[in-house]
Amino acid sequence: MVLKLKPACKDYLWGGHRLAEEYGVDFDGPVLAEAWELSCHPDGPSVIINGKYAGKTLTEYLEVEGLEVLGTHCRRFREFPILTKFIDAKDSLSVQVHPSNAYALRNEGQYGKTEMWYVLDAEPGAFLYYGFSREISKEEFAERIKNNTLLEVLNAVPVKKGDVLFIESGTLHAIGKGILIAEIQQNSNVTYRIYDYGRVGADGKLRDLHIEKALDVTNRIPLVKSGENYPHVADCDYFTVDKLNLDGKLTYRTQGTVDETSFLSILILDGTGTIFCKGEKVDYKKGDSIFLPANSGDWQIEGTCDALLTTIREKANPIRVGVNIGSSEISIGIVNDQNQLLDVKKYPTNPKRRYEEIIDETAENVLKILAENDIPLEQCVGVGVGVPGTIDRRKGHVIYSNNIRWEDVPLAKRLGEVIPCPVRIANDADCAALGEAVAGAGKNVGDLVMFTMGNGVGGGIILNGEVFEGGTIGGSEVGHQVIRANGRLCTCGRKGCLEAYVSVPALLKAARQVAGRDVSLDEIFELAKAGNVEMSEVVEQYTLMLGQGLVNIVNMFRPQLILLGGAMSTHAKELIEPLEDILKEDCFGGIHAPIPKLAIAELGSNAGMIGAANL
């Protein structure tokens, strides 16, 4: 699908009318300052003008098609990552600065802004401001704003057609009059105005300045322009921009491939021609904006053109945060791209508190552990949370969790209001299984099931490297399969569940009944190993019940590996051989069918954090 877009138009007072006259932007007003060519921003989304989505905004298109059309590299963003625009500065723009993500989210509720400028045209003598000419103190900065001498210490950069400037957040800047620019930026509309030449707005009043916030975020050290983006026009974690030129003679046609990693935005700066993709063709002209969804495949462009091609690359040196919320303790871990834990913070859950308090405290501690490790928020591509209970992963809701007394809790939404990156949640046992699959005993296995025997019996099913959720909410509950009709009463209210027989409390209860006293977990296995008949029978019966649960799962899912985890994992070594015998005897097909390998989980309590970070 090749989408052609109509821009949202802005009539800011400093604008001209060249975008309508020369770039074909459909606008009737006298002043057209900006045309937002590729935008999902609520202040001005672009509109699709061709195909079955004609008349729909780009935002509405994404709501129907899903964020998959943006590509896998965009999973780290909570929303559409960029905004592309044309800017016509008939008069000088205000001197301004954009905040970082962390500051903007804390103070404005949206992302900060890093951007790049490509100069389309510039009148003789035109210049723009780009940082300071020398380093200044915060006090001098404030004083010069106050006494209107700020321009004296700004770095005035003469520009011509084809020049490129990269403006990171915190960089003071201003486009001078007589300059036409194509801008690629983060999807944000946060700007702190510092100096505005004494201009008044449509209401006849001086336009607002944002001095205190600008003082907080501005980098006051002179910038050194480098060629670090080579061979790209611009390259950063938020966008990669390349220049395409077809002169219609030596180069009339070129082609490429849009794979599953990123969409492709084509902004036509000049020329005419046609774009082809999957049997579709769309004509283009100067000023047009074209969007090709991720995984569009091979595409071709022919004609004459100057164009900017924008994609999203993989983030450099990403880290993720994994959170495991338990009934007694919350663990937060920083996980790198090698699935190594860099740091862990643990603190009591105190589940009697309101869920809002627990979530807000978790958000604060996520930010705190990042700050303690000198990791900027921009480096974090996602936060995953494992929670006991029934989870709606798609909505990010905890439907019900008896362990922490939650019901219908919008966990992902509330956590995401503080943390500026995608938040995903899942059942804690699923997270533990995923952790073992990516970094533990199941690292080289695509299909596995993990049983965690502790106060209850949980488990996770990993098929083709993904957490198995089924067609509805809630995921798998391996501990609540019935292995004995009308058997023992389970904590879930049913009778005969696996959990009622192979949880740690169930084993301790069985041992107490035959011994006439309390017996510890270690003592049960020590006595059985020493030949104690009663404890040997307890362990044998425990193994038989667990084996039946394993057989049921094997017959349904045929995993390559079964992992034993939780508190019982310390004694799982004694269980593996008899469990293997049960699998060989009772699994459908017996010795003629593949029998999964049995192993002990390796990561312990870290599995949940690592798995959550991989959601």
Side-chain angles (χ1 to χ4, degrees), residues 10-15 31 33-34 41-44 83 85 87 89-117 127-157 165-177 179 181 183 185-224 238 367 371 376-378 418 420:
K10 303 295 177 179
D11 60 352
Y12 306 136
L13 57 82
W14 41 261
V31 175
E34 294 184 354
H41 198 282
D43 290 348
L83 197 162
K85 60 176 71 167
I87 301 175
K90 183 178 181 181
D91 199 358
S92 297
L93 276 68
S94 60
V95 178
Q96 56 191 240
V97 67
H98 305 308
S100 66
N101 286 343
Y103 190 95
L105 282 155
R106 188 166 60 247
N107 292 277
E108 314 298 342
Q110 60 176 304
Y111 283 104
K113 190 193 297 188
T114 287
E115 61 192 22
M116 62 81 65
W117 292 337
F127 67 92
L128 47 77
Y129 289 120
Y130 183 65
F132 293 91
S133 59
R134 61 174 174 81
E135 183 174 356
I136 67 171
S137 66
K138 189 173 183 178
E139 292 72 24
E140 181 183 355
F141 188 20
E143 182 61 30
R144 286 188 175 275
I145 294 172
K146 184 177 179 181
N147 62 27
N148 289 323
T149 61
L150 179 63
L151 301 184
E152 296 176 7
V153 292
L154 299 189
N155 179 33
V157 181
L165 280 92
F166 183 73
I167 301 101
E168 290 187 280
S169 61
T171 302
L172 182 147
H173 60 277
I175 301 173
K177 65 180 181 180
I179 301 176
I181 276 178
E183 177 177 289
Q185 59 161 83
Q186 280 181 266
N187 184 15
S188 170
N189 200 23
V190 177
T191 295
Y192 296 150
R193 195 179 296 126
I194 304 168
Y195 179 82
D196 196 37
Y197 309 95
R199 290 184 291 210
V200 297
D203 58 2
K205 298 179 181 178
L206 289 171
R207 297 208 296 171
D208 290 338
L209 301 180
H210 315 94
I211 306 303
E212 293 303 318
K213 291 179 178 179
L215 289 172
D216 286 343
V217 304
T218 302
N219 174 18
R220 303 182 307 280
I221 300 173
L223 301 166
V224 177
Y238 306 110
L367 298 178
L377 277 171
E378 288 81 359
V418 179

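These figures come from a predicted structure and were not determined experimentally. Note: hydrogens, waters and symmetry copies are ignored here, and every other heavy atom, side chains too, is used.
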Verify, without hydrogens or angle tests, whether [X] (side chain) and [Y] (backbone) share a donor-acceptor contact under 3.5 angstrom.
X: His98; Y: Glu168; value: no
X: Tyr130; Y: Phe166; value: yes
X: Thr218; Y: Leu172; value: no
X: Ser169; Y: Thr114; value: no
X: Ser94; Y: Gln96; value: no
X: Asn101; Y: Tyr111; value: no

State, with a plain yes or no, whether a side-chain heavy atom of [X] is found less than 4.5 Å away from one of [Y].
X: Leu151; Y: Tyr197; answer: yes
X: Leu154; Y: Phe132; answer: yes
X: Glu115; Y: His173; answer: yes
X: Asn155; Y: Phe127; answer: no
X: Leu128; Y: Trp117; answer: yes
X: Leu209; Y: Tyr195; answer: no

Please collect all salt bridge (charged side-chain N to carboxylate O under 4.0 Å, His left out) contacts where either partner lies in residues 187-197, sequence neighbours excluded, each pair once.
->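 Every salt bridge (charged side-chain N to carboxylate O under 4.0 Å, His left out) pair that includes a residue of residues 187-197, provided the two are not neighbours, is Asp196-Arg199, Asp196-Arg207.
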Who are the side-chain contact (heavy atoms from CB on, under 4.5 Å) partners of Asp11, not counting sequence neighbours?
-> Phe27
May I ask you to decide whether Arg220 forms a salt bridge with Glu140, counting only side-chain N to carboxylate O separations under 4.0 Å?
-> no
Just wondering, are more than 12 heavy atoms of other shown residues or ligands nearer than 6.0 Å to NZ in Lys90?
-> no
Can you measure from [atom1] ([X]) to [atom2] ([Y]) and round to the nearest 0.5 angstrom?
X: Glu152; Y: Asn147; atom1: CD; atom2: CG; answer: 8.0 Å
X: Leu150; Y: Asn148; atom1: CG; atom2: CG; answer: 9.0 Å
X: Glu183; Y: Glu34; atom1: CD; atom2: CD; answer: 7.0 Å
X: Thr171; Y: Lys113; atom1: OG1; atom2: NZ; answer: 12.5 Å
X: Phe141; Y: Ile211; atom1: CZ; atom2: CD1; answer: 7.5 Å
X: Ile175; Y: Asp91; atom1: CD1; atom2: CG; answer: 12.0 Å

Shortest non-hydrogen contact between [X] and [Y], atoms and distance:
X: Gly15; Y: Val31; answer: O-CG1, 3.5 Å
X: Asn219; Y: Leu223; answer: ND2-CD2, 3.8 Å
X: Val217; Y: Pro99; answer: CG1-CB, 4.0 Å
X: Gly176; Y: Ala89; answer: O-CB, 3.6 Å

Please test Tyr103 against Val190 for side-chain contact (heavy atoms from CB on, under 4.5 Å), starting from the C-alpha separation and ending with a verdict.
-> CA-CA 11 Å; Tyr103 190 95; Val190 177; over 6 Å; no
Mind checking whether His210 and Tyr192 have parallel, tilted or perpendicular rings, split at 30° and 60°?
->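 Tilted, since the angle between the ring planes falls between 30° and 60°.
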